[in-house]
Amino acid sequence: MIFKWLFGAIGWAAGGFLGGAIGFALGSMLDGSTTKRLDSGSNWTGQSSQDSSDAGRQYGGRRTYTTTEQRNSFLISLLVLSTAVMKADGKVLKSELSYVKDFIRNNFGEDAVSEGLQIIKKLLSQNIDVPQACAQIRAYMILSQRLQLFHYLLGIAQADGQVSPEESSLLFTIGQSLGLNEKDIRSIMGMFEPEKDPYKILEIDKTATDDEVRKAYRRLAVKFHPDKVENLGDDVKKAAEEKFKNIQGAYEQIKKERGMR
């Protein structure tokens with residue numbers, strides 16, 4: 001099962017750090033017994049022969065990626081960067097692994113969970129070049145997907161109830177390396193704080209006028225709308241909906257405090 005989406009991801013991550021990480025994991029795992037588990041109806045991209053209607057195309061010399069490839073690339077990116085986050089404080093917790101397992105299970109099925117964990121195990125033995133991995137992700141993944149990826153990474157770090165200073169520092173580096181602006185990074189990080197600051201979530205100062213509050217909400221409502229990541233699967237969209245609710249909740253809290261209509 002796992003090799004179907006791993007081979008699909010190789011097409012996306014050809015070369016660079018991610019391609020090397022995938023190649024390392026495959027080289028360590030692939031043997032005669034696992035090869036037999038490959039879906040015979042799949043081609044090298046990880047798509048079944050029935051997926052031809054979803055095939056990637058070239059537009060103006062720039063390749064567009066199929067829904068299958070985008071989901072594969074999101075998973076591979078999550079595996080690589082979540083491994084880096086889990087290693088940041090020197091210990092890999094069961095709660096963090098469970099968070100990743102739930103994502104794999106909900107998007108790729110139960111059969112992929114144990115094999116996904118094997119990939120993480122192999123990645124744990126590697127020195128992950130985070131800036132290089134993020135640079136490659138940035139080149140192939142659209143902003144809305146990178147924002148959701150960063151949100152997932154915060155969830156992994158928060159899985160044990162707190163984010164260590166080492167994890168927080170690395171997450172900020174990841175956010176910047178993914179091409180997110182500082183306000184977006186702090187907004188998403190603010191969603192995981194015990195005492196949520198609605199102004200931080202809306203990326204504005206407390207001195208902002210009511211009109212600036214409304215404009216900030218409208219801008220973020222467009223940028224973080226769940227429909228922008230629906231092609232990555234239902235579980236990703238549900239997570240995006242939770243992020244969107246944080247923005248709505250921050251806006252409603254400010255409106256109530258200010259008596260805005």
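Side-chain N or O atoms of Arg146 include one that pairs as donor or acceptor with a backbone N or O of Met141 at under 3.5 Å. Distance alone, capped at 3.5 Å, is enough to place a donor-acceptor pair between the Glu96 side chain and the Leu93 backbone. In this structure a side-chain-to-backbone donor-acceptor pair under 3.5 Å is missing from Ser177 to Pro131. Between the side chain of Ser187 and the main chain of Lys183, no donor-acceptor pair closer than 3.5 Å is present. In this structure a side-chain-to-backbone donor-acceptor pair under 3.5 Å is present from Asp129 to Gln132. Without hydrogens or angle criteria, Ser169 side chain to Glu166 main chain gives no donor-acceptor distance under 3.5 Å. Using a distance-only test at 3.5 Å, with no hydrogens or angles considered, a donor-acceptor pair links the side chain of Asp197 to the main chain of Tyr199. In this structure a side-chain-to-backbone donor-acceptor pair under 3.5 Å is present from Asn106 to Asp102. Remark: side-chain polar atoms of Glu193 are not paired, donor with acceptor, to backbone N or O of Lys196 under 3.5 angstrom. Under a 3.5 Å cut-off, the side chain of Gln148 and the backbone N or O of Gln145 do not form any donor-acceptor pair.
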Please walk me through it: do Tyr99 and Gln158 pass side chain to side chain contact (heavy atoms under 4.5 Å, CB included)?
CA-CA 10 Å; Tyr99 195 98; Gln158 182 68 31; over 6 Å; no

Determine whether Ile104 and Leu79 satisfy the following criterion, side chain to side chain contact (heavy atoms under 4.5 Å, CB included), listing intermediate values before the conclusion.
CA-CA 10 Å; Ile104 298 173; Leu79 290 178; 4.0 Å; yes

Assess whether side chain to side chain contact (heavy atoms under 4.5 Å, CB included) is satisfied between Met86 and Glu167, documenting all intermediate values.
CA-CA 8 Å; Met86 287 188 283; Glu167 289 172 330; over 6 Å; no

Between Lys228 and Leu143, is the side chain to side chain contact (heavy atoms under 4.5 Å, CB included) condition met? List the steps.
CA-CA 10 Å; Lys228 289 182 178 290; Leu143 177 60; over 6 Å; no

Output, in order, the C-alpha distance, side-chain angles, deciding distance and verdict of salt bridge (charged side-chain N to carboxylate O under 4.0 Å, His left out) for Lys238 and Glu242.
CA-CA 6 Å; Lys238 288 178 181 177; Glu242 288 301 313; over 6 Å; no

Assess the residue pair Asp184 and Lys223 against the criterion (salt bridge (charged side-chain N to carboxylate O under 4.0 Å, His left out)); give the C-alpha distance rounded to whole Å, side-chain angles, the decisive distance to 0.1 Å, and a yes or no.
CA-CA 10 Å; Asp184 283 344; Lys223 179 183 286 189; 2.9 Å; yes

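Of all heavy-atom pairs between Ser82 and Val100, the closest is OG-CG2, 4.1 Å. Considering every non-hydrogen atom in both Ile201 and Leu220, the closest pair reads O-CD1, 3.4 Å. When all heavy atoms of Ala133 and Leu81 are compared, the pair lying nearest together is CB-CD2, 4.4 Å. Closest non-hydrogen pair, Phe192 versus Leu154, comes out as CE1-CB, 3.4 Å.
A continuous path of ILVMFWY side-chain contacts below 4.5 Å connects Val92 to Leu123, so both sit in one hydrophobic cluster. Hydrophobic clustering of Ile, Leu, Val, Met, Phe, Trp and Tyr side chains at less than 4.5 Å, counting indirect connections, keeps Ile142 apart from Val236.
With respect to Asp210, the salt bridge (Lys or Arg N to Asp or Glu O under 4.0 Å) criterion is satisfied by exactly one of Lys255, Arg258, Lys215: Arg258.
For the pair Gln253 and Glu257, the minimum side-chain heavy-atom distance is below 4.5 Å. For the pair Leu75 and Phe103, the minimum side-chain heavy-atom distance is below 4.5 Å. Taking 4.5 Å as the limit, every side-chain heavy atom of Val213 sits out of range of all side-chain heavy atoms of Thr209. Glu212 places none of its side-chain heavy atoms less than 4.5 Å from the side chain of Ile204.
To the nearest 0.5 Å, atoms CD1 (Ile185) and CZ (Phe150) are separated by 5.5 Å. Taken from OG in Ser168 to CD in Gln162, the straight-line distance is 12.0 Å, to the nearest 0.5 Å. The distance from the NZ atom of Lys206 to the NZ atom of Lys200 is 10.0 Å, given to the nearest 0.5 Å. Between the CD1 atom of Ile188 and the OH atom of Tyr152 there is a distance of 13.0 Å, given to the nearest 0.5 Å. Note that CG of Leu78 and CD1 of Ile156 are 4.5 Å apart. Values are rounded to the nearest 0.5 Å. Summarising the geometry, atom CG belonging to Leu147 is positioned 9.0 Å from atom CG belonging to Leu178; distances are rounded to the nearest 0.5 Å.
The pair Lys94-Asp160 does not count as a salt bridge, with every side-chain nitrogen at least 4.0 angstrom from each carboxylate oxygen.
Annotation: side chain to side chain contact (heavy atoms under 4.5 Å, CB included) contacts of Pro226 (sequence neighbours excluded): Lys237, Ala240, Glu241, Phe244.
At most 12 heavy atoms of other shown residues, nucleotides or ligands fall within 6.0 angstrom of atom CG in Asp234.
A ring-centre distance under 6.0 Å is not found for His151 and Phe224.
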